[in-house]
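First up is the structure itself, then whatever we jot down about it.
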Amino acid sequence: MITITFKDGNEKLYESGITVEEIAKDLSSSLKKNSVAGLVNDQLYDLNRPILTDAQLEIITKDHPQAFEVLNHSTAHLMAQAVKRLYPDAKFGVGPAIKDGFYYDIATEHVIREEDLPKIEQEMQRIIKQQESMTRFELTKEEAREKFKDDPYKLELIDELDDNEIISIYTQGEFIDLCRGGHVGNTRHIKHFKLLSIAGAYWRGDSERDMLQRIYGTSWFTKEDLAHHLTVLKERKERDHRKLGKELKIFELNKDAGQGLALWLPNGYTVRKVLEDYVYKLERKAGYYHISTPVLGTKKLYQISGHFDHYQDHMFPLMSRDGEDFVLRPMSCPHHMIVYKSDLRSYRDLPIRYAEIVTMHRYEASGALTGLERVRAMTLTDSHIFAREDQIKEEVLSAYKLILQAISDLGLAIDYVELALRDETKGKFHDNDQLWDLAERLMTELLEEEGIEYTAVKGEAAFYGPKIDIQVRTAMDHVITMSTVQLDFLLPERFDLTYIGKDGEKHRPVVIHRGLISTWERLMSILLEQYKGAFPTWLAPTQIKLIPVNNASHLEYVQRLHERFIDEDFRSDIDYREEKLGYKIREAQTQKVPYQLVVGDQEVTNKTVTYRKYGEKDQVTLPLDAFIDYMHDIIRTKK
RNA sequence: GCCGCAUUAGCUCCAACAGGUAGAGCAAUUCCAUGGUAAGGAAGAGGUUGCUGGUUCGAGUCCAGCAUGCGGCACCA
C-alpha cells in the first residue's frame, strides 16, 4: 500500500500501481470526468501512469492552467499517428503544445496541402474511436536509439540526452513517440480539435538545416470552447491592419513603388501628422531638442560607428559619387554623434537630449515583410540622450516614464517589460566589464525601486549595452517591441565623445538610445488593429463628417459650419454628393468617422448641430458653440 | 532567404473546375429621383485573367521561370 497526500493535506491509502484516473474515480465521479492528468510530487503524470510510491498528488482538472497544454500535446501525438498512417514514410521532428494549440513538424515526401487536413482529421477521429491507450514506457538511451533507428530527428534528440538518463516513450496503438509526457492517457479523451494550417519550419529553428512541414492545430475540452476559439481567429482577421488600411484608405503598398515601401495616403498621413505633433510636444516638455539630419551618410561615418561591419546585411548597397561611397542610413545614431561633437561640451550641459523624426531604410528579408508591421523604409522619432555616468539612472527612468505616457495616451497596454542583459559569451558583447556592471546594476535597481515588474533575460542585451524593452501585444496576438531604452558605451568611444568635467579633464559621456513608440508604420498597424479602424477622435483622419439633408437648401449653412470647424482646428469634411441621406450616412459609418453631423431645416433655423457619435445610436442636438466646446474637450482629453 | 499556397475590372468574390478566347455585387460615369440617421431607380462603360515563355487547332484553366501577396520558419546587432 502507498500513501497519497492530496493538495488539501488529506491522506489516503491505495494499492501501489494505482493511476491518477483511478484515484480521481475513487474520490468522485465528477472529478474523474474532469481530470486530465496529475501532478505527482510536482511531476506531470498521465492519467493512466501507475503511481508506485508514497506521493503528493494534485489532480489536474480541465480548468487547471496545465490541462490545455496536456490536451494539446496529446492531440499533437494523435495527429502524428494519423499522419503516419496516411503517409508511412513520415519522420517526425518535435510536436509541442503552444499557447493556443499545438503543432507537429513532419518530414515526408508527400507535400501536405490544405486539402489533406480534413483527411488527417478523419483519421484522427478514427483513432479516437479505437480508444487507443497512450502508454508510457521507460527505456535506456541504447534501447531508445534502437527503437528510433529509422527516425533521424528523434535520434538526434536522443543523442543529446545524458547517457544514463531514463528516456520515456509513449505508444498508442502502432504509433511510438519519444516524449517526456504528460498525456491524457487514452485517445478517447480528445474530442474537439481542428487542424488549422500548414507551414514550413526549419529543423531545430536552424536555417542551415532541413525544412520540415509543420501542421498547426488546436484542441479544446468542449465544443463551445473550440467554436469560440475559431471565432476569435476569424475576428482577428477582421482586425488585420492590411484589410482595414485598404478599407479606410490609410496606406498603399504597390510592387512598382517597391516591396516593403509603404505609401501614406491622406487619411494615414493625417493620423501620422497628429502623432508627430503630439510626440514633438511631449518631447519638448521633457527637455528634448529636435534636430534634422539626412537620410544619406558616408560609408566612413558608418565605419566609425561600426555599423558598416556589423549591420551590413540589413543595409541597402553602397552608392558612389565623386569617389565617395554613401549609404542609405538604417538608423540615426551616427549622425547624432556628430551633432554632439559639433560643440565643446561641459558637464553642466549634460544631459543633452536630441530627438529627430528619422526616416531610415533597412534591407529586411523578403519573407519578413508584412503590411506596415515590417517594412523597408520607416520613420520614427528617434532620440539619443548624452549623459554623465551619474545621470544614467535618472535619464533612463525619465525616458521610461515618457514611454509610459505615450503608450497610455495612445490607449495601448504594456504586455511585459524585458530587461535584456549580457551573458558570458565572449565577442557577443562589447568588452568593458566595469561599465557593463555599472549599467546593469543601475537598470536593475531602477526597475526594482520603481516597482516595475520585469523579466530579466540574459544574453539578449545589445552588443553595446543593456536595454529595457517594452513589449506590447497586438490585437492579432503578436508580441512586438514597442519601445526601448538602451545604454551604449561603445559609440561614445568610437566617436571619441567627451565633455569637460568639474576637474577640467575630458570625460566620456554615455549614450542612451530611446525608441518611444516604434515607427509610424508599425504604430499605425498596431493602432488600426487596436481600434479596429475606429480611431479615437483626437487621432481620427476625419473627425466630423457634415451631411446636408438637401444640398439646395442646406449646403450653404454646412459650408459655414465647415469653415468654422476648420478655424477651430477640427478635421471636418462635407459630403457634397447628391445621394439619399441614408446612403451618405452609411458611408460615414463604414469610414468610421467619429462625429457624423446631419444638417437639415432644424439645424439651419435653430443654429444648432445634431451629431451621432460613431458606435452609438443616440442623436444629440446642441447649439453650435456648445458643440465646439464639447469637441475641444474630447480632443484635449484624447478621447 | 526557405517551405507551402495564391494572383480574374478601382474594391470584393469557392462566376467560369472534362482547356472552347471572361461573370456578378459594390464603387466610378450619365440620366431620373430632393431625401432626417446604414445602400432610391435606370443606362452605358470598365478586363492582353500578375509578367515571360512553353504544350495545344485553341490556355484564366495544363507546364516552367520570374514578380508580388498570404500562412509560417529563419531574421529583427
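Protein chains get the first letters and strands the later ones, always in sequence-line order, with residue 1 at the start of each.
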Output the rounded distance in Å from [atom1] ([X]) to [atom2] ([N]).
{"X": "A/I215", "N": "B/G4", "atom1": "CD1", "atom2": "P", "result": "14 Å"}
{"X": "A/E115", "N": "B/C17", "atom1": "CD", "atom2": "P", "result": "18 Å"}
{"X": "A/L196", "N": "B/G71", "atom1": "CG", "atom2": "P", "result": "14 Å"}
{"X": "A/N254", "N": "B/G10", "atom1": "CG", "atom2": "C1'", "result": "13 Å"}
{"X": "A/L117", "N": "B/G71", "atom1": "CG", "atom2": "P", "result": "17 Å"}
{"X": "A/K246", "N": "B/G69", "atom1": "NZ", "atom2": "P", "result": "13 Å"}
{"X": "A/E252", "N": "B/G10", "atom1": "CD", "atom2": "C1'", "result": "10 Å"}
{"X": "A/D240", "N": "B/C11", "atom1": "CG", "atom2": "P", "result": "17 Å"}

Tell me whether the side-chain N/O atoms of A/R209 come closer than 4.0 Å to OP1 or OP2 in B/C2.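 Negative; the distance criterion is not met.
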A/R586 side chain N/O closer than 4.0 Å to the phosphate oxygens (OP1, OP2) of B/U37?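 For B/U37, OP1/OP2 do not have a side-chain N/O of A/R586 under 4.0 Å.
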Per-nucleotide protein contact string for nucleotides 72-77 of chain B, where B marks a base within reach and S marks sugar-phosphate only (heavy atoms under 4.0 Å, - for neither): BBBBBB
Annotated protein contacts, base or backbone, on nucleotides 26-35 of chain B with a non-hydrogen cut-off under 4.0 Å, one of B, S, - each: -SS----BBB
Separation of the [atom1] atoms in [N] and [M], to the nearest angstrom:
{"N": "B/A45", "M": "B/C66", "atom1": "C1'", "result": "34 Å"}
{"N": "B/G53", "M": "B/G58", "atom1": "P", "result": "16 Å"}
{"N": "B/C57", "M": "B/A28", "atom1": "C1'", "result": "41 Å"}
{"N": "B/U34", "M": "B/G41", "atom1": "P", "result": "15 Å"}
{"N": "B/C51", "M": "B/U7", "atom1": "C1'", "result": "11 Å"}
{"N": "B/U48", "M": "B/A38", "atom1": "P", "result": "39 Å"}
{"N": "B/G23", "M": "B/G44", "atom1": "P", "result": "15 Å"}
{"N": "B/A16", "M": "B/G54", "atom1": "P", "result": "29 Å"}

Report, as yes or no, whether the 6.0 Å neighbourhood of atom [atom1] on [X] holds more than 12 heavy atoms from other residues, nucleotides or ligands.
{"X": "A/Q559", "atom1": "CD", "value": "yes"}
{"X": "A/K249", "atom1": "NZ", "value": "no"}
{"X": "A/Q434", "atom1": "CD", "value": "no"}
{"X": "A/K91", "atom1": "NZ", "value": "yes"}

So what does [X] hit on the nucleic acid, given a heavy-atom distance under 4.0 Å: a base, only sugar-phosphate, or nothing?
{"X": "A/T481", "value": "nothing"}
{"X": "A/D313", "value": "nothing"}
{"X": "A/S553", "value": "nothing"}

List in chain and number order the residues that pass side chain to side chain donor-acceptor pair (under 3.5 Å) with A/H307, two or more places apart in sequence or in another chain; answer none if no residue qualifies.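 With sequence neighbours excluded, A/H307 shows a side chain to side chain donor-acceptor pair (under 3.5 Å) to A/S305, given in chain and number order.
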Which residues share a side chain to side chain donor-acceptor pair (under 3.5 Å) with A/S525, sequence neighbours left out: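 Scan of A/S525 (side chain to side chain donor-acceptor pair (under 3.5 Å), adjacent residues dropped) gives none.
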How far apart are the closest heavy atoms of [X] and [Y], and which atoms are they?
{"X": "A/G459", "Y": "A/D423", "result": "CA-OD2, 3.4 Å"}
{"X": "A/F535", "Y": "A/M524", "result": "CZ-SD, 3.8 Å"}
{"X": "A/D496", "Y": "A/R508", "result": "OD1-NH1, 2.8 Å"}

Which donor-acceptor pairs under 3.5 Å do side chains of residues 591-605 of chain A form with protein atoms, sequence neighbours excluded?
{"from": "A/Q591", "atom 1": "NE2", "to": "A/E247", "atom 2": "O", "distance (Å)": "3.1"}
{"from": "A/K592", "atom 1": "NZ", "to": "A/K532", "atom 2": "O", "distance (Å)": "2.9"}
{"from": "A/Y595", "atom 1": "OH", "to": "A/Y630", "atom 2": "OH", "distance (Å)": "2.7"}
{"from": "A/Q596", "atom 1": "OE1", "to": "A/Q589", "atom 2": "NE2", "distance (Å)": "2.5"}
{"from": "A/D601", "atom 1": "OD1", "to": "A/H554", "atom 2": "NE2", "distance (Å)": "2.7"}
{"from": "A/E603", "atom 1": "OE1", "to": "A/G600", "atom 2": "N", "distance (Å)": "2.8"}
{"from": "A/E603", "atom 1": "OE2", "to": "A/T610", "atom 2": "OG1", "distance (Å)": "2.4"}
{"from": "A/T605", "atom 1": "OG1", "to": "A/D601", "atom 2": "O", "distance (Å)": "2.7"}

Contiguous Watson-Crick or G-U pair runs (3 or more, under 3.5 Å) in RNA chain B: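 Expected stems, ordered by start: B:1-7 with B:67-73, B:10-13 with B:23-26, B:29-32 with B:40-43, B:50-54 with B:62-66.
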Give the ring-plane orientation class for A/W220 versus A/H229, where under 30° counts as parallel, over 60° as perpendicular and anything between as tilted.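 The rings of A/W220 and A/H229 sit tilted, inter-plane angle from 30° to 60°.
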Return yes if a side-chain donor-acceptor contact under 3.5 Å exists between A/Q543 and A/T537, otherwise no.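 The answer is no; no qualifying pair exists.
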Among A/F193, A/Y104, A/Y103, exactly one meets ring-ring contact (aromatic ring centres under 6.0 Å, His included) together with A/Y216. Which residue is that?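 Answer after filtering A/F193, A/Y104, A/Y103: A/Y103.
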Those residues of residues 90-106 of chain A lying under 4.0 Å from RNA chain B by at least one heavy atom: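 By residue number: none to list.
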Which parts of residues 259-269 of chain A get close to RNA chain B, meaning a heavy atom less than 4.0 angstrom away?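 Residues of residues 259-269 of chain A under 4.0 Å from RNA chain B: A/Q259.
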Please say which of A/D573, A/V609, A/I574 ends up in a side-chain contact (heavy atoms from CB on, under 4.5 Å) with A/L546.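 Result: among A/D573, A/V609, A/I574, A/I574 is the only option passing the side-chain contact (heavy atoms from CB on, under 4.5 Å) with A/L546.
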Between A/D210 and A/Y153, does a side-chain hydrogen bond (donor to acceptor under 3.5 Å, both in side chains) hold up when you go through it step by step? CA-CA 10 Å; A/D210 294 352; A/Y153 304 110; 2.7 Å; yes
Using atom names, set out every protein N or O paired with an N or O of nucleotides 48-52 of chain B below 3.5 Å, distance rounded to 0.1 Å.
none

Can you list everything that forms a side-chain contact (heavy atoms from CB on, under 4.5 Å) with A/M211? Sequence neighbours excluded, please.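 Once residues adjacent in sequence are excluded, the partners of A/M211 under the side-chain contact (heavy atoms from CB on, under 4.5 Å) criterion are A/Y202.
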Could I get the full list of side-chain contact (heavy atoms from CB on, under 4.5 Å) partners for A/S383, not counting sequence neighbours?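 Expected list: A/Y288, A/A355, A/I385, A/R514.
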Got a sec, which residues hit salt bridge (Lys or Arg N to Asp or Glu O under 4.0 Å) with A/R422, two or more places apart in sequence or on another chain?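 Applying salt bridge (Lys or Arg N to Asp or Glu O under 4.0 Å) to A/R422 gives A/D433, A/D437.
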Pair of N/O donor and acceptor under 3.5 Å linking B/U37 base with A/Q589 side chain: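 Flag unset: no donor-acceptor pair detected.
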Upstream residue (5' side of RNA chain B) when A/V599 and A/T370 are each assigned their closest nucleotide: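 Its nearest nucleotide being more 5', the pick is A/V599.
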Does the salt bridge (Lys or Arg N to Asp or Glu O under 4.0 Å) test come out yes or no for A/D575 and A/R577, once each step is laid out? CA-CA 6 Å; A/D575 192 335; A/R577 294 172 305 177; 3.0 Å; yes
Please determine whether a side-chain nitrogen of the Lys or Arg among A/E579 and A/K584 lies less than 4.0 Å from a carboxylate oxygen of the Asp or Glu.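 Salt bridge between A/E579 and A/K584, a charged N being under 4.0 Å from a carboxylate O: no.
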May I have the step-by-step check of salt bridge (Lys or Arg N to Asp or Glu O under 4.0 Å) for A/E69 and A/K99, ending in yes or no? CA-CA 8 Å; A/E69 195 185 316; A/K99 183 167 165 279; over 6 Å; no
